[in-house]
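A quick write-up on the structure given underneath.
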Amino acid sequence: MHAAVVVFPGSNCDRDLAVAFKAAGARVTMVWHKDSELPQGVDIVGIPGGFSYGDYLRCGAIAANSPICKSVAAHAGRGGYVFGVCNGFQVLTETGLLPGALLRNAGLKYICKTVGLKVETSSSDYTKGYNAGDVINIPIAHHDGNYFADADTIAELQGEDRVAFSYMDNPNGAQADIAGILSQNRRVLGMMPHPERAADAGHGGTDGTALFRALAGALITA
C-alpha cells in the first residue's frame, strides 16, 4: 500500500498518521500543500488533523482550495481512497468529497479526551476489521466537530449504511451522534476522532489499529 499524507501549514497530526500507516505496512510519502500532483501509484491519501492555515475563514476552507486538493479530488474521482481525520474531515466536507459541514462544538469549547465510539458498519475497507456494534475508545481533539447536514442528507447517510462511527456519549452536539461518514462508493472516510492516536500501546490504546490493518489488507490484495 502506498499512502500519501498531505501537509498543510498548521497540520500537527501528519507524522502521527504517517506512523500509523507505516505500522500497518504502508509505504508513505509526505506531500506538501503547494504540490499540484500526487506521487505516482498512490493508493490512499491521508488528510491529517491540525489547524490548516490557522483555521481562518472556516476550518478546512482554505486548505480545500490549495493546489494539492485538486489532485486529491481527481484521485477520489478515479475511485482512489481518501481518509480525512479531524481537520481532514473538515477539508473533505469543504471540497465536497463528503456531504455536510463541521460546526463549532455545541458547548463552544475545545474538547480533548478519549471517547467511546460505536462502529456502525463493518461494510467498508476501513471498518471491516471491526464488527458492527463494537465499541472502541478513540481520542478526540477538536473545537469544530459538530457534524451538521440537512434532514434528507442524514436520512440518506443512515439509509445507505454510510455512517461509519457514532458517539456513545455525544461530546459536541453532532447530529445523529455522527462521528464519521463514508462516501457513496465507500472509499472516502471522514471522521473527527483520531484513530492514529490509538494505534500504539505505548500511547495508551490500540483500538485504532484495526482500521489501518484492514485498510492495508484490502489495498494490498486489490
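Only this structure's heavy atoms are used, side chains among them; waters, hydrogens and symmetry mates stay out.
Within the structure, ring-ring contact (aromatic ring centres under 6.0 Å, His included) pairs that include any residue of residues 116-136 comprise Phe83-Tyr126 (at least two apart or interchain). Applying the salt bridge (Lys or Arg N to Asp or Glu O under 4.0 Å) test to residues at least two apart or on different chains, the pairs with a partner in residues 166-186 are Asp161-Arg186. Evaluation of the salt bridge (Lys or Arg N to Asp or Glu O under 4.0 Å) test over residues 118-127, restricted to residues two or more places apart or in two chains, returns Asp125-Lys128. The salt bridge (Lys or Arg N to Asp or Glu O under 4.0 Å) contacts involving residues 36-63 comprise Arg58-Glu94, where partners must be two or more places apart or lie in separate chains. Under the salt bridge (Lys or Arg N to Asp or Glu O under 4.0 Å) criterion, no residue pair touches residues 63-83, with sequence neighbours excluded. Pairs of residues two or more places apart, or lying in two chains, that qualify as ring-ring contact (aromatic ring centres under 6.0 Å, His included) and include a residue from residues 31-51 are His33-Tyr53.
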Under 3.5 Å, which donor-acceptor pairs do the side chains of residues 191-204 form with other protein atoms, sequence neighbours left out?
residue	atom	partner	partner atom	Å
His194	ND1	Glu196	OE2	2.6
Asp200	OD1	Gly202	N	2.8

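Only one option out of Leu189, Leu98, Thr93 pairs with Ile181 in a side chain to side chain contact (heavy atoms under 4.5 Å, CB included); it is Leu98. The residue from Leu157, Leu103, Val163 that alone fulfils the side chain to side chain contact (heavy atoms under 4.5 Å, CB included) condition with Tyr147 is Leu157.
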Report the C-alpha separation of Leu211 and Arg213 in whole Å, then their side-chain angles, then the decisive distance to 0.1 Å, and conclude whether the side-chain contact (heavy atoms from CB on, under 4.5 Å) test is met. CA-CA 6 Å; Leu211 184 151; Arg213 288 180 176 171; over 6 Å; no
For Met168 and Val135: C-alpha separation, side-chain torsions, deciding distance, then whether side-chain contact (heavy atoms from CB on, under 4.5 Å) applies. CA-CA 8 Å; Met168 295 297 294; Val135 176; 3.9 Å; yes
Show your reasoning for whether side-chain contact (heavy atoms from CB on, under 4.5 Å) applies to Val82 and Leu92. CA-CA 9 Å; Val82 183; Leu92 292 181; 3.7 Å; yes
Kindly determine whether Phe8 and Ile47 satisfy side-chain contact (heavy atoms from CB on, under 4.5 Å), including the steps that lead there. CA-CA 9 Å; Phe8 299 102; Ile47 311 294; 4.0 Å; yes
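Between the side chains of Asn87 and Ser52, at least one donor-acceptor pair of N or O atoms lies under 3.5 Å. A donor-acceptor pair shorter than 3.5 Å cannot be found between the side chains of Asn105 and His143.
Taking each heavy atom of Gly50 and Asn12 in turn, the nearest pair found is CA-OD1, 3.1 Å. The shortest heavy-atom contact between Ala179 and Leu117 is CB-CD2, 3.8 Å. Nearest heavy-atom pair, Ala106 versus Asn146, reported as atom, atom and distance to 0.1 Å: N-ND2, 4.0 Å. Here the shortest heavy-atom pairing between Ala4 and Val31 reads CB-CG2, 3.8 Å. Closest of all the heavy-atom pairs between Ile154 and Ala176 is CG2-CB, 4.2 Å. The nearest pair of heavy atoms linking Gly145 to Ala174 is O-CB, 4.3 Å.
The backbone N or O of Gly79 lies less than 3.5 Å from a partner atom in the side chain of Arg187, making a donor-acceptor pair. Between the side chain of Ser71 and the main chain of Leu38, a donor-acceptor pair closer than 3.5 Å is present. Between the Asp207 side chain and the Asn137 main chain, a donor and an acceptor come within less than 3.5 Å of each other. Between the side chain of Arg162 and the main chain of Leu182, a donor-acceptor pair closer than 3.5 Å is present. Checked by atom type and distance alone, the side chain of Asn170 never pairs as donor or acceptor with a backbone atom of Tyr167 at under 3.5 Å. With hydrogens and angles disregarded, no donor-acceptor distance shorter than 3.5 Å links the side chain of Thr114 to the backbone of Ile138.
With sequence neighbours excluded, the residues satisfying side-chain hydrogen bond (donor to acceptor under 3.5 Å, both in side chains) with Thr153 are Asp150. Residues meeting the side-chain hydrogen bond (donor to acceptor under 3.5 Å, both in side chains) test with Thr209, sequence neighbours left out: none. Shown here are the side-chain hydrogen bond (donor to acceptor under 3.5 Å, both in side chains) partners of Ser11, two or more places apart in sequence or in another chain: there are none. With sequence neighbours excluded, the residues satisfying salt bridge (charged side-chain N to carboxylate O under 4.0 Å, His left out) with Asp144 are Arg104. Take Phe21 and apply the ring-ring contact (aromatic ring centres under 6.0 Å, His included) test, not counting sequence neighbours, and it matches Phe212.
Between atom CG of residue Leu97 and atom OG of residue Ser183 there is a gap of 8.0 Å, rounded to the nearest 0.5 Å. To the nearest 0.5 Å, atoms CZ (Phe165) and OG1 (Thr127) are separated by 6.0 Å. If you take OG on Ser66 and CG on Asp35, they are separated by 10.0 Å, rounding to the nearest 0.5 Å.
Counted within 6.0 Å of OH on Tyr110, heavy atoms from surrounding residues, nucleotides or ligands total more than 12; the atom is thus considered enclosed.
Cluster annotation: Val19 is not connected to Leu17 through the hydrophobic network of ILVMFWY side chains, with a link wherever side-chain heavy atoms come within less than 4.5 Å. At a threshold of 4.5 Å between side-chain heavy atoms, the hydrophobic network of Ile, Leu, Val, Met, Phe, Trp and Tyr places Phe148 and Ile111 in two separate groups. Linking ILVMFWY residues whenever their side-chain heavy atoms come closer than 4.5 Å, directly or via other members, places Tyr56 and Leu102 in the same cluster.
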